[in-house]
Amino acid sequence: METVEDLVLGHPFFRDIDPEAGRVVAGCARNTVFRSGELVFREGDSADWFYCIRSGRLALELHAPHGGPIRIDTRGPGEVAGWSWIVPPYRWYCDARAVEEVHALQFDGACLRRKMEDDASLGYLLYKRFVPVILRTLQGTRMQLLDVYARPGR
Amino acid sequence: MPGPAADVRAVAGADPWSPSPARVRERRRETGDTVTLALEPADPAQTRFAPGQFTMLSLSGVGEVPISVSGDPDEALLVQTIRAVGCVTSRLAALKPGEALGVRGPFGTGWPLESAAGRDLLLVAGGLGLAPLRPVLYHALARRERFGALALCYGTRSPDDRLFRGELEAWARRADLHLAVTVDHAGPDWEGEVGVVTRLLARTPCRPERTVALVCGPEIMMRFTARELEHLGVAPGRIHLSMERNMQCGIGLCGHCQWGPFLLCRDGPVFPWERIRAAFGVRGL
């Protein structure tokens, strides 16, 4: 049976991580499951977690006035969801909902922040993993803003 | 089953200036502004095309526009998908079965399917760019043993803007095809992916060192897709893009579709990324 540490070291987000650092990170992780339709986190709530998705899909949603939720992004197997835990004031900026049953590794953000404060090299290592995710999401968001598939003139 | 006709360019060479008559056999609405017409040309040779080629469709007294062929290269109809964005395309899209139009072509270079044989084949489509890639999928699925992994990554604006929805559902059920669809915007009823098409590329079963990638969509989408494919390890010579400009004569004489050193109707529309990457970097070209 695989341990949480095995699952952390085997997840693409932590590919090729130094095993000792992986063990330290795994100390803040646990396995979790969300049922289809279940709210994973809610805009404005304290962002104490992030998730490495093992299977299933999460949708990130924003609520507009006088309308229902708008799905702005999805996260699937091998991807990471949530970085508000790493940036003050540690609050979610959107909702996340399981579109289908999700199996994920859930990381305690407060636990990791303490370890990163105590060990700057661990902090640097984790920032190096998160910054590309943030950059790619920003680039994707810019592409979505360009609305490149719109009818000319629309 | 044989590949696309080797002598398709001879069709364009017969009399490339004169439109031949054709009739609409079938019309299917794809989205709010896009239809697919199945045409029956008077000259059956015009139904022979290489996936990736385009024709010039015309209405007398209205005008002429380039439209990619979107049908099955093994069928005896000329199938074309038209988005109503201007005067000519709006009139073409409104044609009903039995009505007539003019056809020149097919013209241009096709996708490099012969050199893709034995390799993994990755199709990346954005919006209406799925239309010129659909013949590739028909071709590859009819000759499935010729290719390794086969994948289609398709990005579009919203769930309602997906083309060929019935076929997408059928393709999604196939075990020998990896299909991934994503949209830029969606409501809560959409249970699929939301985000840009480049996000899908790392999750296909295609092995970068064995992959031939065919990309069609808006230029900015193709630019980012080609870069991402290179980042994943696909050689630039095995990434192919379909370009679009103001094609008019279709045979490289009028110069309307000049793009840097290229005449897209004659030298393209399909190009290897390594050949056109420099032109992509020229602002305003």
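So that the names make sense, note that chain A is the first sequence line, chain B the second, and so on, each numbered from 1.
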Checklist entry - Given a strict heavy-atom distance threshold of 4.5 Å, which part of A/Arg97 is in contact with chain B: side chain, backbone, both, or neither? => result neither
Item to check | side chain to side chain contact (heavy atoms under 4.5 Å, CB included) partner of B/Leu150, the single match among B/Leu177, B/Val136, B/Asp176 | outcome: B/Leu177
Item to check | Best-contacting candidate, B/Ala186, B/Gly195, B/Ala202, against chain A by heavy atom pairs under 4.5 angstrom | outcome: B/Ala186
Checklist entry - For chain A, which of B/Arg203, B/Glu219, B/Arg199 has the most heavy-atom pairs under 4.5 Å? => result B/Arg199
Checklist entry - Taking it one step at a time, do A/Cys28 and A/Cys111 satisfy disulfide bond (SG atoms under 2.5 Å apart)? => result CA-CA 6 Å; A/Cys28 297; A/Cys111 166; 1.9 Å; yes
Item to check | Under-2.5 Å SG separation for cysteines B/Cys254, B/Cys249 | outcome: no
Next on the checklist: Please check if the number of heavy atoms outside A/Arg42 that lie under 6.0 Å from its CZ is greater than 12.
Outcome noted: no
Next on the checklist: Report, in residue-number order, which members of residues 124-134 of chain B are under 4.5 Å from chain A by heavy-atom distance.
Outcome noted: B/Gly126, B/Gly127
Item to check | Proximity of A/Phe107 and A/Tyr51 rings by center, below 6.0 Å | outcome: no
Checklist entry - What part of A/Gln139 gets closer than 4.5 Å to chain B, counting heavy atoms only: side chain, backbone, both or neither? => result neither
Checklist entry - Between A/Phe130 and A/Trp83, does the ring centroid distance fall short of 6.0 Å? => result no
Checklist entry - Taking the side chain as C-beta and beyond, is there a heavy-atom pair between A/Leu105 and A/Phe50 under 4.5 Å? => result no
Checklist outcome for this item: Nearest heavy-atom approach of A/Tyr127 to A/Pro132 is O-CD, 4.3 Å
Next on the checklist: Could you tell me if B/Arg227 sits above the aromatic ring of B/Phe224, with its cationic atom closer than 6.0 Å to the ring centre and no more than 45 degrees from the axis?
Outcome noted: yes
Checklist entry - What part of A/Ile72 gets closer than 4.5 Å to chain B, counting heavy atoms only: side chain, backbone, both or neither? => result backbone
Checklist outcome for this item: Under 4.5 Å to a heavy atom of chain B? For A/Leu60 that would be neither
